[in-house]
Amino acid sequence: MLARLAAKRLLEIRQAIRPSLQASRSFSTALNYHLDSPDNNPDLPWKFSDTNKEKVKEILSHYPSNYKQSAVIPLLDLAQQQHGGWLPVSAMNEVAKIIEVAPIRVYEVATFYSMFNRSKVGKYHLLVCGTTPCMIRGSREIEDALLKHLGVKRNEVTKDGLFSVGEMECMGCCVNAPMITVADYSNGSKGYTYNYYEDVTPKGVVEIVEMLRRGEKLPPGTQNPKRIKCGPEGGNTTLLSEPKPPPCRDLDAC
């Protein structure tokens, strides 16, 4: 009797704190345990589509048959693309069956990497780099502009289901800070893209959102017309000629 009451009380506490946990979620790792919901529970059937079953075979062919578990990340990525940008627990269970491991081994990966979303995201999932160089260059203002324009909080989805905004750590192009990533799940795994937009401004990211809303595609990369890729604004001021080869021994004379 006491055990039943304790279990009931624990469930009530979990349900009470769950909304605040989801509201403050920044990364996949922030929600490191699963709570069943009507649209995310192990009883819901989930299978790869016929087209993606062929992709599964192709992915598995890259690994020795006794190392199927090495395919866990690309298979989870494919499942996420198929499911509109997030991973339900039933999809993780299906991946575990395919690579023949205990489901917990797949959960460990899905909860560790921030690229895996375990709650719903928009068809266009916008990720703002939050690492120091981007922060110094105005990433917080970039995020504020997106959230204000879309009328959502971080990791919330707009009412039309088109957009969500999250944070990501270091996108690896600090010289072009600040930057955002757009994960495009609007056409499932068939038309999935994951593009970087660099040297962005608060006004510029709002324009990117509106272009996506209209179905237009902006070329990825730097959004500063005065730069070429990661070169300096206005062009090079040093290293204007071909570099001399490094001095070395004449190996043929040895």
Same apolar cluster: [X] and [Y], side chain cutoff 4.5 Å:
X: M179; Y: V175; result: no
X: L162; Y: V205; result: yes
X: F116; Y: V72; result: yes
X: L87; Y: V56; result: yes

Exercise. What do the steps show when you test V165 against N155 for side-chain contact (heavy atoms from CB on, under 4.5 Å), and what is the final call?
Worked result: CA-CA 5 Å; V165 180; N155 296 304; over 6 Å; no
Does [X] have more than 12 heavy atoms from other residues, nucleotides or ligands lying within 6.0 Å of its [atom1]?
X: Y67; atom1: OH; value: no
X: I228; atom1: CD1; value: no
X: R137; atom1: CZ; value: no
X: L239; atom1: CG; value: no
X: K148; atom1: NZ; value: no

Below 4.5 Å, heavy atoms only, C-beta onward: do [X] and [Y] meet side chain to side chain?
X: Q69; Y: R105; value: no
X: T131; Y: P133; value: yes
X: P88; Y: H83; value: yes
X: N195; Y: T181; value: no
X: P220; Y: Y196; value: no
X: I73; Y: Y113; value: yes
X: I99; Y: V106; value: yes
X: K123; Y: D184; value: no

Exercise. Can you list the steps and then say if M171 with L127 is a side-chain contact (heavy atoms from CB on, under 4.5 Å)?
Worked result: CA-CA 10 Å; M171 297 179 184; L127 294 165; 4.1 Å; yes
For this session: Sequence neighbours left out, what passes ring-ring contact (aromatic ring centres under 6.0 Å, His included) with Y107? Give chain and number order.
Result: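 By the ring-ring contact (aromatic ring centres under 6.0 Å, His included) rule, Y107 matches no residue at all.
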For this session: Could you give me the CA-CA distance, side-chain angles and deciding distance for Q223 and D199, then say whether side chain to side chain donor-acceptor pair (under 3.5 Å) is met?
Result: CA-CA 5 Å; Q223 302 304 301; D199 295 306; over 6 Å; no
Exercise. E156 and K153: salt bridge (Lys or Arg N to Asp or Glu O under 4.0 Å), yes or no, with the steps?
Worked result: CA-CA 5 Å; E156 284 184 348; K153 296 178 181 178; 5.0 Å; no
Hey, does the side chain of [X] reach the backbone of [Y] with a donor-acceptor pair shorter than 3.5 angstrom?
X: N40; Y: V89; result: yes
X: Q82; Y: K47; result: yes
X: N41; Y: S37; result: yes
X: S164; Y: V157; result: no
X: Q80; Y: M115; result: yes

For this session: Using the salt bridge (Lys or Arg N to Asp or Glu O under 4.0 Å) rule, take E58 and K55 through it: C-alpha gap first, then chi angles, then the decisive distance, then the call.
Result: CA-CA 5 Å; E58 194 269 334; K55 292 183 180 180; over 6 Å; no
Exercise. What distance separates E207 CD from L218 CG, expressed to the nearest 0.5 Å?
Worked result: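 The CD atom of E207 sits 9.5 Å away from the CG atom of L218.
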For this session: First locate atom OG of S114, then atom CD of E167, and finally report the distance between them rounded to the nearest 0.5 Å.
Result: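 So the gap between those two atoms works out to 9.5 Å.
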For this session: Start with the C-alpha distance between K68 and E100, add both sets of side-chain angles, then the distance that settles salt bridge (Lys or Arg N to Asp or Glu O under 4.0 Å), and finish with yes or no.
Result: CA-CA 7 Å; K68 286 184 179 180; E100 300 177 2; 3.2 Å; yes
For this session: Tell me, with the steps shown, if Y185 and Y124 meet ring-ring contact (aromatic ring centres under 6.0 Å, His included).
Result: CA-CA 6 Å; Y185 299 104; Y124 300 103; 9.3 Å; no
For this session: Might you work through the side-chain contact (heavy atoms from CB on, under 4.5 Å) test for N187 and Y192, ending with a clear yes or no?
Result: CA-CA 6 Å; N187 293 307; Y192 171 71; over 6 Å; no
Exercise. Are side-chain N/O atoms of T222 and E198 paired as donor and acceptor at under 3.5 Å?
Worked result: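 T222 vs E198: no donor-acceptor pair found between side chains.
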Problem set entry | H125/W86 under side chain to side chain donor-acceptor pair (under 3.5 Å): CA gap, chis, key distance, verdict | CA-CA 10 Å; H125 188 42; W86 68 286; over 6 Å; no
For this session: For salt bridge (Lys or Arg N to Asp or Glu O under 4.0 Å), just list the numbers for E141 and K203, CA-CA rounded to whole Å, side-chain angles, deciding distance to a tenth of an Å, and then say yes or no.
Result: CA-CA 10 Å; E141 289 77 10; K203 180 181 178 182; over 6 Å; no
For this session: Could you walk me through whether K190 and T51 pass side-chain contact (heavy atoms from CB on, under 4.5 Å), step by step?
Result: CA-CA 9 Å; K190 184 178 180 180; T51 300; over 6 Å; no
